2 protein chains.
Amino acid sequence: MVYTFCERVSSSGYDDDLELLNDSLHEFGGCGGSVLLSSPIERVGGKNENCEAKALAALKNHSEAERRRRERINGHLATLRGLVASAHQKMDKATLLAKVISQVKELKKNAMEASKDFLIPMETDEVKVEPYDIKLGYGCMSYMATICCDYQPEILCDLKKTLDALQLQLVKSEMSTLERRMKNVFVFTCCKGVNNSVDVEACQSIGNVVHKALGSVLEKASMSMEFALTTSYPNKRRRMC
Amino acid sequence: MVYTFCERVSSSGYDDDLELLNDSLHEFGGCGGSVLLSSPIERVGGKNENCEAKALAALKNHSEAERRRRERINGHLATLRGLVASAHQKMDKATLLAKVISQVKELKKNAMEASKDFLIPMETDEVKVEPYDIKLGYGCMSYMATICCDYQPEILCDLKKTLDALQLQLVKSEMSTLERRMKNVFVFTCCKGVNNSVDVEACQSIGNVVHKALGSVLEKASMSMEFALTTSYPNKRRRMC
DNA sequence: AAGCACACGTGAATC
DNA sequence: TGATTCACGTGTGCT
């Protein structure tokens with residue numbers, strides 16, 4: 001649709017000037033068909049005042065309802081603007097919404113990973129060494145090493161020996177158990193850098209060494225577990241570490 | 001501002017009909033001042049065609065730019081609609097934005113709590129027992145008990161004895177250490193319900209008992225720590241559990 | 001019919 | 001200036 005303006009009148013916002021709105025009333029029928037055909041100029045008004053007033057009221061209602069709707073939406077937009085809080089509060093709607101989208105995705109991803117970290121895989125054993133993004137200053141990287149398998153007391157001995165032998169700088173260690181399963185997590189740092197920049201290769205090779213060592217521990221444990229299951233004393237007590 | 005319609009013309013979207021838009025051209029001056037004063041009816045056009053064409057093009061550009069803007073915003077809105085994914089995709093913009101807001105707040109709160117759970121308070125000891133919202137079916141509640149203090153080997157003995165004595169149904173246990181500090185977390189269930197409904201009071205009293213017991217363990221540990229610090233052998237080895 | 005929600009084109013402001 | 005953003009009133013479809 002294309003519609004054209006007949007005249008534009010400056011007035012004080014939402015006034016009740018009937019004359020100015022006469023031409024809009026075609027749209028609201030039911031007040032006598034002749035009005036629909038008479039041109040704006042020929043019509044002098046007089047007996048249709050009631051009808052026009054009603055139509056005007058409807059129009060006013062409509063625009064005010066629309067204004068309320070806009071305010072509702074813009075209010076929520078303002079809340080979101082405060083919520084994403086990317087320093088500068090001057091941002092157009094589209095950009096704001098884009099930022100909201102990326103924020104929601106980011107938060108969801110983090111939540112997913114966090115819940116995954118909290119879980120203990122029940123069926124599969126695993127050894128994992130991966131970079132861990134805590135900030136420890138320049139020249140340092142940190143890694144998170146995970147080993148998850150069936151619980152066996154002696155694996156703690158092996159683990160301790162292995163970690164001691166590697167002389168890792170342990171930042172944090174965590175052990176959780178769930179039913180017959182256990183999961184050990186170590187966070188360690190690698191400060192192999194020179195001139196305040198990380199020597200990435202040296203750190204990676206340390207990571208690989210740790211991965212290999214944990215792999216050996218796991219392998220030994222699962223072998224010992226198999227052996228235990230095939231002997232006639234499956235519940236035989238083992239020496240604590 | 002209030003403006004009135006002269007006539008409304010049905011046409012195919014965005015066409016180039018100059019006549020219909022003549023009346024809109026006041027707004028775009030610079031094509032000869034006389035046009036601004038002549039009425040739409042008196043004016044016959046002819047020598048201002050070039051000017052009018054330019055104005056029309058500007059107007060068309062404007063409306064198309066606005067259309068693109070709307071599409072950009074609505075596109076993001078659609079993405080968000082898919083992201084909150086509250087089953088029913090029929091939702092007005094305001095409601096959608098409200099849901100996005102609550103979702104973001106929820107996710108942020110969870111992230112905060114998760115990071116808090118992962119932290120070990122370094123300065124203050126603490127004992128905490130609080131409901132833990134994992135679903136275990138009807139008639140069961142679960143709790144998370146936390147005890148955090150300086151690391152002492154014998155506290156593990158005390159803890160084990162205490163938990164055994166309480167005969168808790170342990171679901172998960174977790175111990176983390178950071179420098180000289182340790183944190184132990186236990187998740188246990190309380191299935192005291194009758195007729196598939198939880199006996200909340202019974203569970204709460206169990207929670208209180210656990211809290212009290214852990215408090216005693218912590219108290220004993222800190223007393224023993226103080227004793228160790230005041231003796232002449234602060235680094236004296238203690239028997240492992 | 002009467003209310004609501006949306007898309008549209010426009011006027012004004014800002015850069 | 002031209003481009004871009006916003007608020008506004010309106011037309012229209014749905015319920």
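Keep in mind that what you see is a predicted model, and the values were worked out from it rather than measured. Note: hydrogens, waters and symmetry copies are ignored here, and every other heavy atom, side chains too, is used.
Going from atom NZ of B/K90 over to atom C1' of D/dG13 covers 12 Å, rounded to whole Å. One interatomic measurement links the two molecules: NZ of B/K60 to P of C/dT10, which rounds to 12 Å at whole-angstrom precision. Between the CZ atom of B/R67 and the P atom of C/dG9 there is a distance of 7 Å, given to the nearest Å. Going from atom CG of B/L59 over to atom P of D/dA3 covers 14 Å, rounded to whole Å. A straight line from CD of A/E64 to P of D/dA7 spans 18 Å, rounded to a whole angstrom.
Counting heavy-atom neighbours within 6.0 Å of B/K108 NZ, excluding the residue itself, gives a total above 12.
Applying the side chain to side chain donor-acceptor pair (under 3.5 Å) test to A/T177 and every residue at least two apart in sequence or in another chain returns B/S173. Partners of A/F188 under the ring pair (Phe, Tyr, Trp, His ring centres under 6.0 Å) rule, at least two apart in sequence or in another chain, are A/Y143. Scored by the side-chain contact (heavy atoms from CB on, under 4.5 Å) test, B/D92 finds B/A94, B/T95 as partners (sequence neighbours excluded). Every side chain to side chain donor-acceptor pair (under 3.5 Å) that B/E71 has, sequence neighbours left out, goes to B/R67.
Counting heavy atoms from C-beta outward, A/D125 and A/R181 have side chains that approach closer than 4.5 Å.
By the 4.0 Å N-to-carboxylate-O rule, B/E66 lies close enough to B/R69 to be salt-bridged with it.
In this structure, A/R70 reaches the D/dC8 phosphate: one of its side-chain N or O atoms is under 4.0 Å from OP1 or OP2.
Two end axes, each from the C1' atoms of five base pairs, can be drawn for the helix from C/dA2-D/dT15 to C/dC15-D/dG2; they diverge by 0°, to 10 degrees.
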Collect all protein-nucleotide pairs involving nucleotides 2-6 of chain C in which both atoms are nitrogen or oxygen and the distance is under 3.5 Å.
| from | atom 1 | to | atom 2 | distance (Å) |
| --- | --- | --- | --- | --- |
| C/dA5 | OP2 | A/R72 | NH2 | 3.1 |
| C/dC6 | OP1 | B/K93 | N | 3.0 |
| C/dC6 | OP2 | A/R69 | NE | 3.2 |
| C/dC6 | OP2 | A/R69 | NH2 | 3.1 |
| C/dC6 | N4 | A/E66 | OE1 | 2.9 |

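A pairwise comparison of heavy atoms in B/C148 and B/L218 identifies O-CD1, 4.2 Å as the closest pair.
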